[in-house]
> 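One structure, as structure tokens, below. Some questions next.
We count residues from 1, following the sequence as given.
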Amino acid sequence: MRGDAPPPSVADMNVTPTAMITGASRGLGRALAAGLAREGFALIIDARDAAALEAAADRIRAAGGPEKGPEKGPEKGPEKGPEKGRVTAVAGDVTDPAHRTALQQAAEAAGRLDLLVNNAGTLGASPLPALADYPPGELRAALEVNVIAPIALTQLMLPLLRASGGAVLNITSDAAVEAYAGWGGYGAAKAALEQASNVLAAEELALRVWWADPGDLRTDMHQLAFPGEDISDRPAPESVVPAFVRLISQRLPSGRYRAAHLLPAAP
């Protein structure tokens, strides 16, 4: 992590911050979106499954911020900045340039963007194959979702993030830095995302750029990695939200983090 002193968090300013979270219909993305709504963020969320995304948005609105302003799509943004509790759901695939443009339009309609969370991702081939057997087409698709799409989306959002002195949070994995048999495709993609994050942090000094490993969680993606196995012993995604809230609210220096290191020590 970089050692420069953190400036005040945007959450402490007299504004309603806006966060964009990709892959927010389930799992960690939905948990993060709900947690940020509780912290007073207006949200722009996306996922490929429109029905699941809208269900997640309704759930967040019902439980979340101090005010509610249900909204769909980029065309009905507030005229004078976002309201606390506002959730804008934009369904689509982050690998689709037209969908990324729709997300950009939603952020522009909100009037600001303070945080981009690149959470959407894919495991790739499942069951996890050895690299000797990894289908090149599956590897190409994993790189498209896990590396190209978040970089391309970040490029579109940089003008708004620069204007707010915002932050980029890229969700990574220990598979990016450890050699696990079968995890070569996913690990290679996450390693590439980590290095892109590292370079972005060096280039965008006015922003915070974090790449954070949430650890093993009880999610659909983790189940795909272990088909037929019982993963009920893994913690729920909600368990690591306080770690990410700390990272964001305290505006910690740019760098790589593990959620386990940001959580309070167990009594």
> How would you list all residue pairs meeting salt bridge (charged side-chain N to carboxylate O under 4.0 Å, His left out) that involve residues 160-176, not counting sequence neighbours?
Arg162-Glu204

> Measuring only between side-chain heavy atoms, which start at C-beta, is Val241 closer than 4.5 Å to Leu36?
no

> Identify which one of Leu169, Leu153, Thr18 satisfies the side-chain contact (heavy atoms from CB on, under 4.5 Å) criterion when paired with Leu116.
Leu153

> Measure from the side-chain N and O atoms of Asn119 to the backbone N and O of Ile21, and report whether any donor-acceptor pair falls under 3.5 Å.
no

> List for me each residue that meets side-chain contact (heavy atoms from CB on, under 4.5 Å) alongside Thr95, sequence neighbours excluded, and say none if there are none.
Asp93, Glu144, Val145, Ala149

> If the condition is ring-ring contact (aromatic ring centres under 6.0 Å, His included), which residues does Phe244 pass it with, not counting sequence neighbours?
none

> Identify, with sequence neighbours excluded, every residue that meets side-chain contact (heavy atoms from CB on, under 4.5 Å) alongside Val147.
Leu143, Ile151, Ala189, Ala192

> Looking only at heavy atoms, which two atoms of Met20 and Ala107 are closest? And how far apart?
CE-CB, 4.0 Å

> Given 3.5 Å as the limit, does a donor-acceptor pair link the side chain of Arg61 with the main chain of Val87, or not?
yes

> Which atom names give the shortest non-hydrogen contact between Pro150 and Leu193, and what distance separates them?
CG-CD1, 4.0 Å

> Which residue in the set Leu262, Leu247, Leu263 passes side-chain contact (heavy atoms from CB on, under 4.5 Å) when paired with Pro242?
Leu263

> Nearest 0.5 Å please: distance from the CD1 atom of Ile45 over to the OG1 atom of Thr22.
11.0 Å

> Would Asp46 and His99 count as a side chain to side chain contact (heavy atoms under 4.5 Å, CB included) if you check the C-alpha gap in whole Å, the side-chain angles of each, and the deciding distance to 0.1 Å?
CA-CA 9 Å; Asp46 101 317; His99 174 60; 2.6 Å; yes

> Of all the heavy-atom pairs spanning Arg30 and Ala56, show the shortest one and how long it is.
CD-CB, 3.8 Å

> Return the set of residues passing side-chain contact (heavy atoms from CB on, under 4.5 Å) with Ala130 (not counting sequence neighbours), or none when no residue passes.
Asp133

> Tell me whether Leu252 is reachable from Ile171 by hopping between hydrophobic residues (I, L, V, M, F, W, Y) whose side-chain heavy atoms are closer than 4.5 Å.
yes

> Closest approach of Ala201 and Leu205, non-hydrogen atoms and distance?
O-CD2, 3.5 Å

> Hey, could you give me each pair passing side chain to side chain donor-acceptor pair (under 3.5 Å) that has a residue in residues 134-143? Not counting sequence neighbours.
none

> Rounded at 0.5 Å granularity, tell me how far CG in Leu200 sits from CD in Gln195.
11.5 Å

> Would you please name every residue forming a side-chain hydrogen bond (donor to acceptor under 3.5 Å, both in side chains) with Asn118, sequence neighbours left out?
Thr154, Asn170

> Taking atom CZ of Arg246 and atom OH of Tyr257, what is their separation to the nearest 0.5 Å?
8.5 Å

> Can you confirm whether Arg26 sits close enough to Asp49 that some side-chain heavy atom of one is under 4.5 Å from a side-chain heavy atom of the other?
yes

> Taking side chain as C-beta onward, heavy atoms only, is Val240 less than 4.5 Å from Leu28?
yes

> Any donor and acceptor pair, going by atom type alone, linking the side chain of Ser173 with main-chain N or O of Ala175 inside 3.5 Å?
yes

> Any sub-3.5 Å donor-acceptor pair from Arg100's side-chain atoms to Val94's backbone N or O?
yes

> Among pairs that include at least one residue of residues 179-198, which meet salt bridge (charged side-chain N to carboxylate O under 4.0 Å, His left out), considering only residues two or more places apart or in two chains?
Glu194-Arg256

> For the CG atom of Leu128 and the OH atom of Tyr180, what is their distance to the nearest 0.5 Å?
13.0 Å

> State whether the side chain of Thr88 and the backbone N or O of Ile44 hold a donor-acceptor pair below 3.5 Å, judged by distance alone.
no

> To check you understand the geometry: which heavy-atom pair defines the closest contact between Ser164 and Asp114, and what is its length?
CB-OD1, 3.4 Å

> Check step by step if side chain to side chain contact (heavy atoms under 4.5 Å, CB included) holds for Leu161 and Val168.
CA-CA 8 Å; Leu161 290 167; Val168 178; 3.7 Å; yes

> Please report the shortest heavy-atom distance between Thr122 and Ala142, naming the atom on each side.
CG2-CA, 3.8 Å

> Step by step, would you call Ile60 with Leu43 a side chain to side chain contact (heavy atoms under 4.5 Å, CB included)?
CA-CA 10 Å; Ile60 293 166; Leu43 302 179; 3.9 Å; yes

> If the condition is side-chain contact (heavy atoms from CB on, under 4.5 Å), which residues does Ala167 pass it with, not counting sequence neighbours?
Leu115, Arg208, Trp210, Arg251

